[in-house]
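Here the structure comes first, spelled out in C-alpha cells, and everything after it is commentary.
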Amino acid sequence: DDLERLADEIRDAETVVAFTGAGISAPSGVPTFRGDDGVWERFDEGQFAYGRLQRDPAGFWADRVDLQRELFDGEFEPNAAHEALAAMGRDGDLEAILTQNTDGLHGEAAEAVRDGETDDGHAGEPTVLELHGNSQRVRCTDCGKRRNGEPIFERAAEGELPPTCDCGGVFKPDVVLFGEQLPGAVIQRARSLARESDVFLAIGSSLVVEPAASLPRLAASTGATVGIVNLGSTPRDDIAAVVSRADVTDALPRLRALVAE
Ligand code: OAD
C-alpha cells in the first residue's frame, strides 16, 4: 500500500526530512489552527500581530494570555507520532524535523528517545528546527534576552501588562508573530534541507501558510519524493507521490516499523 511505498523510498534515500504542523500535536490535545475547532475560529490573527505588540503592548499581552491558555491548557506529552519520528532520527533514517509547531514536543520526544537508549549503539538524533519559535519561551524586545515563559505568562495573567524585562524592555512570546519574518538563518536552513532531501514528508499541516506552502514544492523540484500524511486535503496533494489520510498516530509508527523491517 501507500505507506509501504513510502517506506521503500525512505530505505533507499540518503536524506529524509520531515516537515510537521499542528496536526501532529492534535492527538496530544493541542488544538489545530484551521478547521471547525481551530484556534482561528475563536481568535483573530490580527490580535497577535507584531504591529499590535508595538502599538498596544498591554492589549496584545492580555489577549496573548488568553491564547496561551487556549493552546497550552494542561500538560502535553509527545504522542506516538512524535516518538516514531524521534526514533527514526535516532536510527539514522531521518535527518531533520522542520516544525511549525511552537509546543516543543518534538524536542521532548527526541530527548526521551535519547535518554532511554544511551548504550544501544545508536548515537543519532534528528535536528529539530522550530520554524515558528517556541511558545514556552519569551524574548525581550530590547536586550534580546530569552527567558522561560511560564513565570512571565503568570505575571501577565496576574495583571502585569505588558510584562517587562529587568532592562525595562517589553517581553514578546518567542514565536514568529504575524507581520514578522522568519529568521533568515532558519529559513535558509529549512530551504537547503528541503533541496537536499530525497524524501520530504509533510505531516499534519494544511500547507497553506509560508514556508509550508513552498517547501514541499522546492523539495519536489530538486528531485525529492514528497509524501503527505494529513487527515484533510492540502493544496500540495497534487505534487505528492504518496498521500495518506490516516491519523498521524497510526501512520507514523507503522511507517517507522516498515522502514525498520
Ligand atoms: P492547521 O491547523 O492549518 O492544519 C492542521 C492539519 O492537520 C489539518 O489539515 C488537519 O486535517 C490535520 N490533522 C489534524 N489532526 C490530525 C491527525 N490526528 N492526524 C493527521 N492529520 C491531522 O495547522 P498548520 O498547518 O500547522 O502559525 O498551520 C500553520 C501555521 O498557521 C501555524 O504554525 C500557525 C498558524 O497560523 C503561526 O502561529 C505563526
Side-chain angles (χ1 to χ4, degrees), residues 2-3 6 18-53 60 63-64 66-68 70-72 76-85 97-106 128-137 139 149 172-183 186-187 190 200-217 227-237 240 242-256:
D2 279 351
L3 287 180
L6 203 51
F19 178 87
T20 69
I24 197 166
S25 293
S28 294
V30 182
T32 61
F33 292 95
R34 294 172 186 81
D36 290 344
D37 287 333
V39 167
W40 299 144
E41 292 296 310
R42 280 158 286 159
F43 289 88
D44 172 3
E45 296 180 352
Q47 288 171 274
F48 307 104
Y50 187 62
R52 174 143 191 248
L53 176 65
F60 172 96
D63 289 340
R64 181 68 206 200
D66 290 342
L67 178 68
Q68 192 81 0
E70 174 82 20
L71 281 176
F72 304 114
F76 295 115
E77 308 259 320
N79 62 52
H82 299 104
E83 282 160 11
L85 290 185
I97 300 169
L98 314 182
T99 189
Q100 302 171 92
N101 301 342
T102 64
D103 53 37
L105 292 177
H106 284 300
V128 178
L129 211 60
E130 292 178 320
L131 300 174
H132 291 168
N134 191 306
S135 284
Q136 320 297 341
R137 283 193 316 251
R139 196 168 66 80
K172 94 188 251 297
D174 196 12
V175 299
V176 176
L177 299 176
F178 293 99
E180 264 191 315
Q181 304 278 7
L182 268 63
V186 170
I187 187 75
F200 186 92
L201 298 174
I203 301 159
S205 175
S206 57
L207 302 179
V208 293
V209 304
E210 286 301 338
S214 59
L215 287 174
R217 210 153 43 193
I228 293 179
V229 178
N230 201 60
L231 287 181
S233 63
T234 85
R236 295 296 167 264
D237 290 353
V242 173
V243 178
S244 165
R245 293 269 171 261
D247 187 290
V248 288
T249 56
D250 293 327
L252 293 184
R254 179 148 179 265
L255 183 64
R256 189 212 157 200

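Counting convention: from 1, in listed order, for ligands and their atoms alike. For the single chain, residues carry numbers from 1 onward in sequence order.
We find that D237 and R245 are joined by a salt bridge, their nearest charged nitrogen and carboxylate oxygen being less than 4.0 Å apart.
Using a distance-only test at 3.5 Å, with no hydrogens or angles considered, no donor-acceptor pair links the side chain of D63 to the main chain of F48.
Between atom CG of residue L215 and atom CZ of residue F200 there is a gap of 5.0 Å, rounded to the nearest 0.5 Å.
Donor-acceptor pairing under 3.5 Å is recorded for the side chains of S25 and D103.
Here the rule is side chain to side chain contact (heavy atoms under 4.5 Å, CB included) with L131, and of T99, V186, V176, I187 only V186 fits it. The only option from Y50, F60, W40 that meets the ring-ring contact (aromatic ring centres under 6.0 Å, His included) definition with F178 turns out to be W40.
Sorted by chain then number, the residues whose non-hydrogen atoms approach ligand 1 to under 4.0 Å are G21, A22, G23, A26, P27, T32, F33, R34, W40, Q100, H132, V176, F178, G204, S205, S206, V209, N230, L231, G232, A246, D247, V248.
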